[in-house]
Amino acid sequence: MNFNWQELHTRDFNASVTFYANTFDCDIRVVPGRNGQRYGLIIPTGSVKPVAGIFETGSIIESEPKQESEPKQESDSAIESGWIGYVTVAKLSSSVKSALDNGAIELESFEIPYIGVVSILKDPAGQKISLIEYTATNR
C-alpha cells in the first residue's frame with residue numbers, strides 16, 4: 001500500500017487549470033478523461049512525470065436511492081469539487097473487500113486504459129478515497 005496520487009475533482013476545469021498552472025508554475029497537459037470529460041496531468045516545470053491530476057466532473061446531479069436502506073449512488077457528475085487521494089494496492093479486489101468488511105461503501109469502480117483499475121470508496125466517516133491497482137499494459 002502506498003498513498004501516492006492526488007486528484008482534484010472540479011466542476012470548473014478551466015479555472016482550476018489556470019489557478020494551479022499559474023500558482024505552482026507547472027505544466028498541465030490536458031488529455032481525454034472518463035465519460036468524455038477532460039483530465040489535466042500536473043507536471044512540474046522541467047519534468048516529464050505527472051505528480052497529480054485534475055478531473056473535470058461536470059455539474060452536480062445526485063441520484064435518489066431506490067430504497068431507503070440503500071446508499072445513494074454517485075456518478076462522476078455527482079462528485080463534489082475537492083481533492084481526493086489515491087492509495088496504490090497490490091490487489092484491488094481483496095482491498096475493496098477488506099474496506100467493505102470494515103464499513104466502507106463502494107461508489108464506483110472503473111478501468112483507466114494503460115494504467116490500471118480503480119475503486120472509489122466512502123469510508124465509515126464519509127470521506128472519499130480511491131484505491132488503484134496499476135496493471136499497465138501496451139494496449
Side-chain angles (χ1 to χ4, degrees):
M1 170 207 40
N2 182 21
F3 287 77
N4 68 333
W5 186 261
Q6 294 295 313
E7 183 174 84
L8 174 64
H9 290 193
T10 180
R11 290 172 285 170
D12 192 340
F13 185 81
N14 293 333
S16 294
V17 166
T18 298
F19 173 80
Y20 287 98
N22 292 337
T23 300
F24 297 106
D25 189 30
C26 60
D27 295 320
I28 300 182
R29 183 180 326 140
V30 178
V31 298
R34 303 191 311 276
N35 302 328
Q37 305 289 41
R38 295 174 289 176
Y39 194 89
L41 296 169
I42 301 174
I43 304 168
T45 301
S47 178
V48 295
K49 183 179 178 185
V51 296
I54 300 174
F55 178 65
E56 178 180 41
T57 62
S59 62
I60 294 180
I61 302 170
E62 300 213 18
S63 61
E64 293 298 319
K66 292 180 182 174
Q67 297 177 358
E68 250 180 64
S69 63
E70 291 184 68
K72 187 183 296 183
Q73 296 297 309
E74 299 185 36
S75 67
D76 289 337
S77 61
I79 297 173
E80 293 285 347
S81 291
W83 285 95
I84 188 166
Y86 280 74
V87 179
T88 301
V89 296
K91 184 72 175 159
L92 185 67
S93 60
S94 60
S95 295
V96 168
K97 181 183 180 328
S98 178
L100 296 175
D101 289 347
N102 285 291
I105 297 169
E106 185 173 35
L107 301 175
E108 180 179 10
S109 62
F110 53 91
E111 180 179 356
I112 302 172
Y114 307 103
I115 304 294
V117 289
V118 173
S119 177
I120 300 175
L121 304 171
K122 190 177 278 189
D123 72 16
Q127 299 302 304
K128 292 180 185 170
I129 188 75
S130 291
L131 306 182
I132 184 167
E133 176 186 344
Y134 289 99
T135 57
T137 63
N138 293 325
R139 290 187 208 179

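Only heavy atoms go into these numbers, but all of them, side chains included; no hydrogens, no water, no symmetry mates.
Annotation: the span from Met1 atom CE to Leu131 atom CG amounts to 10.5 Å, rounded to 0.5 Å. How far OH of Tyr39 is from CG of Leu8: 9.5 Å, rounded to the nearest 0.5 Å. Note that CD of Gln37 is 5.5 Å distant from CZ of Phe55, once rounded to the nearest 0.5 Å. With values rounded to the nearest 0.5 angstrom, Thr18 atom OG1 is found 9.5 Å from Phe13 atom CZ. Ile54 contributes atom CD1, which lies 10.0 Å from atom CZ of Phe19 (distance to the nearest 0.5 angstrom). Of the inter-residue distances, the one linking Ile112 atom CD1 with Glu133 atom CD reads 12.0 Å to the nearest 0.5 angstrom.
By the side chain to side chain donor-acceptor pair (under 3.5 Å) test, Asp123 pairs with no residue at all, sequence neighbours left out. For Asp101, the salt bridge (Lys or Arg N to Asp or Glu O under 4.0 Å) criterion is met by Lys97, not counting sequence neighbours. For Val51, the side chain to side chain contact (heavy atoms under 4.5 Å, CB included) partners two or more places apart in sequence, or in a different chain, are Ile42, Pro44. Residues satisfying the side chain to side chain donor-acceptor pair (under 3.5 Å) test with Ser119, not counting sequence neighbours, are Glu106. Listed by chain and number, the residues in a side chain to side chain donor-acceptor pair (under 3.5 Å) with Asn4 are Thr88 (sequence neighbours excluded).
Of all non-hydrogen atoms in Cys26 and Thr45, the two that sit nearest each other are CA-OG1, 3.7 Å. Listed here is the closest heavy atom pair of Val117 and Thr135: N-OG1, 4.2 Å.
Residues Leu41 and Val17 do not share a hydrophobic cluster, defined by chaining ILVMFWY side chains whose heavy atoms lie under 4.5 Å apart. There is no path of hydrophobic side-chain contacts, each under 4.5 Å, that joins Trp83 to Val87. Linking ILVMFWY residues whenever their side-chain heavy atoms come closer than 4.5 Å, directly or via other members, places Phe3 and Leu121 in the same cluster. Taken together through direct or relayed side-chain contacts under 4.5 Å among Ile, Leu, Val, Met, Phe, Trp and Tyr, Ile105 and Phe110 form part of one hydrophobic cluster. Leu107 and Ile129 fall into different hydrophobic clusters, where Ile, Leu, Val, Met, Phe, Trp and Tyr residues are linked whenever their side-chain heavy atoms come under 4.5 Å apart, directly or through other members.
Between Ile120 and Ile84, some side-chain heavy-atom pair lies under the 4.5 Å cut-off. Counting only heavy atoms from C-beta outward, the side chains of Ile132 and Ile115 approach each other to under 4.5 Å.
Residue pairs meeting the salt bridge (charged side-chain N to carboxylate O under 4.0 Å, His left out) criterion with at least one partner in residues 36-45, sequence neighbours excluded, are Arg38-Glu56.
The backbone N or O of His9 lies less than 3.5 Å from no partner atom in the side chain of Thr57, so there is not a single donor-acceptor pair. The main-chain N or O of Ile43 is never found under 3.5 Å from a side-chain atom of Ser47 such that the two would form a donor-acceptor pair.
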